[in-house]
Amino acid sequence: MRQIGFILSLAGFLLPAAGVRAHVPGSSMIPRISGGSGISVVSGTPGGSGVHGTQGVFDIRGRRDVSTVRGMAGAGPVQMRVCDSVAAGDSINLIPNGDFSKGAPGMVPEGWQPEAKRPSLLPRFSKIEEGGQGRLLIEGNGRADAVGYIQTRTDLVLGRTYLFAVHFRISSSINPQRNLLFECAGPDNLDGIFTYTKTGDGWVDGKAKIYFPGKGKGKAAVRILFRFSDTGRVTVGTISLTPTTPVPPRWVRVACTGGIPTLTVVPAIAEKAAAEKTDLLLLPEYMNGDESYETLEGPSCTLMSKLARQYHMYIAGGIVRKVDSLDRLFNTVVLYDRNGEFAGMYDKIHPYSPEVNEAGITPGSRTLVLQTDFGKVGFMTCYDSWFTDVAELVALKGAELILFPNAGYYRSLMPARATDNNVRILASSLYVRNGIWDTGGRDVLNPNSDSSSYLQPGETFRDVKSIQIGKMNLLVSSLDLNFSPSPHYNGGTLSSSPAGRRNRRDQLYYPDQDIIREKERWWTE
């Protein structure tokens with residue numbers, strides 16, 4: 001495959017710390033970025049929809065949510081102007097006493113200050129020593145509604161991206177997504193850590209990349225919050241803030257259909273999608289144009305597999321799947337990978353009532369999230385969209401894009417399903433206009449239709465095309481899976497709508513179990 005090298009003239013600055021966000025219109029061509037003294041090189045191998053040649057002068061700025069590469073055309077070297085550079089060696093922990101080495105045992109660590117609006121709710125914060133290392137110990141104060149934090153401040157250079165990281169250990173009663181919150185509050189951004197991994201030795205690591213907009217110098221408050229636990233214990237080993245490379249874009253090009261296809265029309269749709277450098281093509285529910293029964297070895301699946309292999313793209317579509325060994329029918333969406341191999345299938349959990357009562361469809365029993373080479377995809381089918389559970393669960397399991405084949409659907413529900421769960425939706429339909437929605441709930445064909453939407457600036461989608469193929473419509477768009485803005489942005493993740501964040505549920509009462517009980521109650525009281 002042809003290698004494309006990009007030579008970046010950086011005027012003596014290091015690219016990895018310079019706040020570069022290099023957009024690439026395809027999923028398989030996220031560049032590799034290397035830095036040196038004065039020159040950096042970006043290179044990659046085209047695949048899927050990748051980069052197919054670029055030329056021009058690009059203006060790349062440090063702000064991860066607004067930087068774009070402009071001027072995609074032709075082949076040849078690319079010069080990039082880089083703004084807001086970071087000097088070499090500027091990688092020390094900016095948080096004072098972030099290893100809790102300073103201060104007397106039993107006292108608050110030096111440079112940190114406990115705070116609570118109501119003193120009676122303040123948890124206990126103290127320095128301890130373990131194996132010669134300083135630690136921060138946080139303990140509940142005996143109150144189930146305890147809430148408070150310990151805080152310090154640090155200096156920042158604005159217009160840069162920082163890695164915010166924490167290493168801690170918890171007692172068995174603590175859920176980090178409920179009882180802890182690690183915040184970094186700087187100018188025009190209040191953000192935090194939302195992703196944790198177990199290290200295997202009883203410790204937990206949390207990390208997040210945070211961008212602070214602006215120019216010049218600024219300050220940030222670093223807070224460790226403890227809440228809603230009366231006896232829980234948390235031991236924090238280190239907390240750090242260091243300059244880092246920005247989050248790069250992760251473009252994927254997707255396509256969905258509108259209209260009733262047939263197996264003779266589908267090849268033309270796939271050919272056009274391939275011409276648009278599509279990574280994933282979604283066909284509708286009943287992609288063969290009727291509700292005839294098929295197996296996974298039937299004509300529909302055989303055709304999807306062949307086209308996926310021929311055009312080296314993912315293809316998904318819905319069939320009525322017959323399982324002779326069980327004497328069962330399922331409404332199934334099947335996904336094939338770029339090599340035409342079976343990647344997975346999802347059986348509709350919420351069939352339309354006539355499907356169950358008259359057509360004999362058996363409801364599915366599990367949700368599905370699949371890892372592809374561009375990201376994680378989840379599934380819901382048609383009537384599933386009238387309920388909140390399928391979209392919520394696949395998003396919680398990590399889906400970044402929900403594939404939504406259907407016969408018909410209520411388009412006005414899609415912004416809610418997308419924004420509640422901070423996920424994108426790709427909808428192919430037999431009888432309703434097809435559509436693509438970003439995490440802000442914006443329809444890519446009409447992104448400014450809702451005046452109550454307040455997203456931070458930035459490009460979540462691009463290169464939208466609506467193509468007519470006979471009586472069928474093909475809607476194509478590139479989506480950045482690494483930029484997932486909240487629909488209501490107010491200066492940072494923690495000041496905005498929850499949009500799928502697990503620990504943005506600041507609540508003591510969880511109604512989930514009561515909802516289940518109410519669903520099970522069949523009588524009127």
Side-chain angles (χ1 to χ4, degrees), residues 21 23-27 49 58-61 63-72 188-191 211 213 247 249-258 276 278 280 282 375 385 391 395 400-404 406 408-429 432-468 473-493 495-501 504:
R21 183 171 195 264
H23 280 254
V24 178
S27 67
S49 62
F58 296 174
D59 186 4
I60 310 299
R61 301 189 182 273
R63 185 167 183 173
R64 83 152 303 282
D65 59 346
V66 299
S67 304
T68 57
V69 170
R70 301 176 178 86
M72 309 303 289
D188 298 320
N189 197 356
L190 172 57
D191 212 332
Y211 174 78
V247 178
R250 181 158 46 101
W251 289 103
V252 58
R253 192 146 179 84
V254 298
C256 56
T257 65
E276 290 295 324
T278 296
L280 182 147
L282 177 65
S385 65
E400 300 164 295
L401 172 67
I402 293 180
L403 308 186
F404 177 43
N406 62 83
Y409 68 114
Y410 185 35
R411 296 185 94 254
S412 294
L413 284 177
M414 293 306 101
R417 296 293 171 267
T419 58
D420 280 351
N421 301 296
N422 200 229
V423 70
R424 300 146 195 86
I425 295 177
L426 181 68
S428 290
S429 184
V432 178
R433 182 161 54 96
N434 46 347
I436 303 172
W437 288 263
D438 69 3
T439 61
R442 296 182 300 185
D443 183 340
V444 299
L445 285 175
N446 192 14
N448 300 315
S449 61
D450 190 341
S451 61
S452 67
S453 176
Y454 303 102
L455 280 75
Q456 63 262 52
E459 193 173 43
T460 62
F461 60 87
R462 64 190 303 176
D463 301 329
V464 179
K465 291 186 178 181
S466 181
I467 304 165
Q468 204 65 27
N473 178 263
L474 185 70
L475 178 61
V476 188
S477 178
S478 295
L479 306 175
D480 182 359
L481 301 187
N482 272 355
F483 185 36
S484 306
S486 160
H488 264 222
Y489 182 78
N490 191 28
T493 298
S495 294
S496 305
S497 66
R501 300 291 190 184
R504 290 300 312 284

Worksheet entry | Beyond-backbone contact of M414 with F404, side-chain heavy atoms, under 4.5 angstrom | yes
Discussion item. Could you check whether any side-chain heavy atom of V254 comes within less than 4.5 Å of a side-chain heavy atom of T278, counting everything from C-beta outward?
Written reply: no
Practice prompt. May I ask you to say whether R253 pairs ionically with E276, meaning some side-chain N is under 4.0 Å from a carboxylate O?
Written response: yes
Worksheet item: Given S497 and T419, is the side-chain contact (heavy atoms from CB on, under 4.5 Å) satisfied, shown in steps?
Response: CA-CA 9 Å; S497 66; T419 58; over 6 Å; no
Worksheet item: Would a distance-only check, ignoring hydrogens and angles, find a side-chain to backbone donor-acceptor pair under 3.5 Å from S477 to V464?
Response: no
Worksheet item: Do the side chains of E400 and T439 get nearer than 4.5 Å, heavy atoms only?
Response: no
Practice prompt. Report yes if the side chains of L401 and V423 come closer than 4.5 Å at any heavy-atom pair, otherwise no.
Written response: no
Worksheet item: Rounded to the nearest 0.5 Å, how far apart are CG of N422 and OG of S484?
Response: 5.0 Å
Worksheet item: Between the side chains of N434 and S429, does any donor sit under 3.5 Å from an acceptor?
Response: no
Practice prompt. Keeping the roles fixed (side chain from R504, backbone from S496), state whether a donor-acceptor pair exists under 3.5 Å.
Written response: yes
Discussion item. Show, in sequence, the C-alpha distance, side-chain angles and deciding distance for R501 and S486, and conclude whether the side-chain contact (heavy atoms from CB on, under 4.5 Å) test is met.
Written reply: CA-CA 10 Å; R501 300 291 190 184; S486 160; over 6 Å; no
Worksheet item: Between atom CG of L479 and atom CG of D438, what is the distance when rounded to the nearest 0.5 Å?
Response: 8.0 Å
Fill in: Interatomic spacing from CG in L475 to CG in L426 - rounded to 0.5 Å
8.0 Å
Fill in: Nearest heavy-atom neighbours spanning W437 and A427
CZ3-CB, 3.9 Å
Discussion item. Taking A499's backbone N and O only, do any of them form a donor-acceptor pair with N421's side chain (distance below 3.5 Å, no angle check)?
Written reply: no
Worksheet item: Could you give the distance from CZ (R417) to OG (S412), rounded to the nearest 0.5 Å?
Response: 11.5 Å
Discussion item. Are C256 and I436 packed together at the side-chain level, in the sense that at least one heavy-atom pair is separated by less than 4.5 angstrom?
Written reply: yes
Discussion item. As a quick check of understanding, evaluate side-chain contact (heavy atoms from CB on, under 4.5 Å) for Y489 and L455, giving each step before the final call.
Written reply: CA-CA 5 Å; Y489 182 78; L455 280 75; 5.5 Å; no
Practice prompt. Using a 4.5 Å cut-off on heavy atoms from C-beta on, say whether the side chain of E459 contacts that of D480.
Written response: no
Worksheet item: Quick one: does S449's side chain have a donor or acceptor within less than 3.5 Å of a partner on N446's backbone?
Response: yes
Worksheet item: What's the shortest heavy-atom distance between F483 and P457, and which atoms?
Response: CZ-O, 3.7 Å
Fill in: Main-chain N/O of L282 paired to S428 side chain as donor or acceptor, under 3.5 Å
yes
Discussion item. Tell me whether N189 contacts the main-chain N or O of Y211 through its side chain, where contact means a donor paired with an acceptor under 3.5 Å.
Written reply: yes
Worksheet item: Has the side chain of H488 got a donor or acceptor atom that lies under 3.5 Å from a matching backbone atom of S452?
Response: yes
Worksheet entry | Side chain to side chain, S385 and N406, heavy atoms closer than 4.5 Å | no
Worksheet item: Is there a side-chain contact between F461 and R424 (heavy atoms, below 4.5 Å)?
Response: no
Worksheet entry | Nearest heavy atoms of V476 and A255, plus distance in Å | CG2-CB, 3.9 Å
Fill in: Contacts of R411 that satisfy salt bridge (charged side-chain N to carboxylate O under 4.0 Å, His left out) - sequence neighbours left out
D443
Worksheet item: Given the rule in the side-chain hydrogen bond (donor to acceptor under 3.5 Å, both in side chains) test, do R442 and T460 qualify, once you have shown the distances and angles that lead to the verdict?
Response: CA-CA 10 Å; R442 296 182 300 185; T460 62; 3.0 Å; yes
